[in-house]
Amino acid sequence: QVQLVESGGGSVQAGGSLRLSCATSGRAFSTYAMAWFRQAPGKAREFVAAIRRSGGSSYYADSVKGRFTISRDNARNTAYLQMNSLKPEDTAVYYCAADDEGGVPLSAYDYDYWGQGTQVTVSS
């Protein structure tokens, strides 16, 4: 059984920063590609960032490039999303996801395991 638990969400002013964490159970964490998605009310879940199992390559949605950074610590079975220069448009529930196929898919349908989400609210 694989479980993902997000933490670090909250409310911030525009221009502020938050760091999200995703703690993952299981011995196979180091073999998973990890990703973050987000979903705003009334909108589809969208890709935010992903990182290969080795941590050597990462990918970002155009809307967050230059502001967000995804990272992982395989020794701690944890993935992170550092969010800087936050905008009101970033307000959403953020979800951590894992893919056990080892690739870095950009579609939510390709991920095998999901956390319950953490709310991020950015006020103007």
Side-chain angles (χ1 to χ4, degrees):
Q1 181 177 332
V2 177
Q3 293 183 318
L4 283 65
V5 180
E6 302 98 334
S7 62
S11 298
V12 298
Q13 294 281 346
S17 298
L18 286 172
R19 184 176 177 86
L20 306 183
S21 297
C22 176
T24 303
S25 67
R27 61 188 295 182
F29 175 80
S30 63
T31 72
Y32 300 157
M34 300 296 297
W36 291 92
F37 290 78
R38 67 186 182 186
Q39 187 167 21
K43 297 184 178 180
R45 188 168 299 188
E46 66 174 346
F47 170 79
V48 175
I51 188 167
R52 287 183 173 179
R53 62 186 182 184
S54 67
S57 298
S58 57
Y59 306 86
Y60 299 92
D62 289 341
S63 59
V64 306
K65 286 181 179 177
R67 300 188 297 120
F68 291 10
T69 302
I70 188 171
S71 62
R72 67 190 298 158
D73 185 343
N74 287 349
R76 297 183 177 182
N77 286 3
T78 303
Y80 304 93
L81 185 69
Q82 178 67 46
M83 304 184 294
N84 298 326
S85 301
L86 283 162
K87 305 175 180 179
E89 303 89 87
D90 296 317
T91 296
V93 177
Y94 283 70
Y95 297 91
C96 179
D99 174 44
D100 61 13
E101 296 297 322
V104 188
L106 305 185
S107 171
Y109 293 106
D110 294 322
Y111 284 85
D112 304 291
Y113 311 108
W114 292 86
Q116 294 300 305
T118 185
Q119 178 71 47
V120 172
T121 302
V122 185
S123 60
S124 60

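As the structure is a computational prediction, the values presented were derived from the model and not from experiment.
Partners of D73 under the salt bridge (Lys or Arg N to Asp or Glu O under 4.0 Å) rule, at least two apart in sequence or in another chain, are R76. Among residues two or more places apart in sequence or in another chain, the side chain to side chain donor-acceptor pair (under 3.5 Å) test is passed with S25 by none. For R67, the side chain to side chain donor-acceptor pair (under 3.5 Å) criterion is met by D90, not counting sequence neighbours. Considering only residues two or more places apart in sequence or on other chains, S54 meets the side chain to side chain contact (heavy atoms under 4.5 Å, CB included) condition with R52. Listed by chain and residue number, nothing satisfies the side chain to side chain donor-acceptor pair (under 3.5 Å) test with K43 (two or more places apart in sequence, or in another chain). Remark: Y59 pairs with no residue by the ring pair (Phe, Tyr, Trp, His ring centres under 6.0 Å) rule, at least two apart or across chains. Remark: Y113 engages D100 in a side chain to side chain donor-acceptor pair (under 3.5 Å) (not counting sequence neighbours). Annotation: salt bridge (Lys or Arg N to Asp or Glu O under 4.0 Å) contacts of E46 (sequence neighbours excluded): R38. Remark: Y95 engages no residue in a ring pair (Phe, Tyr, Trp, His ring centres under 6.0 Å) (not counting sequence neighbours). The ring pair (Phe, Tyr, Trp, His ring centres under 6.0 Å) test applied to F47 returns F37, not counting sequence neighbours.
F68 and V48 make their closest contact through CD2-CG1, 3.8 Å (heavy atoms, listed as atom of the first residue, atom of the second, distance). Here the closest heavy-atom approach between residue S17 and residue Q82 is recorded as CB-NE2, 4.0 Å. Closest heavy-atom contact between L81 and A49: CD1-CB, 4.2 Å. A pairwise comparison of heavy atoms in A79 and W36 identifies O-CZ2, 4.1 Å as the closest pair.
Residue pairs meeting the salt bridge (charged side-chain N to carboxylate O under 4.0 Å, His left out) criterion with at least one member in residues 5-32, sequence neighbours excluded, do not occur.
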Side-chain atoms of residues 117-124: list all donor-acceptor pairs with protein atoms under 3.5 Å, sequence neighbours left out, distances to 0.1 Å.
{"from": "T118", "atom 1": "OG1", "to": "G9", "atom 2": "N", "distance (Å)": "3.3"}
{"from": "Q119", "atom 1": "NE2", "to": "A92", "atom 2": "O", "distance (Å)": "3.4"}
{"from": "Q119", "atom 1": "NE2", "to": "T121", "atom 2": "OG1", "distance (Å)": "3.4"}
{"from": "S123", "atom 1": "OG", "to": "V12", "atom 2": "O", "distance (Å)": "3.4"}
{"from": "S123", "atom 1": "OG", "to": "Q13", "atom 2": "OE1", "distance (Å)": "3.4"}

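Note that CD1 of I70 is 12.0 Å distant from OG of S57, once rounded to the nearest 0.5 Å.
Under a 3.5 Å cut-off, the side chain of Y111 and the backbone N or O of P105 do form a donor-acceptor pair.
Criterion: ILVMFWY side-chain heavy atoms under 4.5 Å apart, direct or through other members. Under it, L18 and Y80 are not part of a common hydrophobic cluster.
Counting heavy atoms from C-beta outward, M34 and L4 have side chains that approach closer than 4.5 Å. The side-chain heavy atoms of R45 and W114, taken from C-beta on, include a pair separated by under 4.5 Å.
For R72 and F29, the positive end sits near the middle of the six-membered ring, less than 6.0 Å away and at most 45° from its axis.
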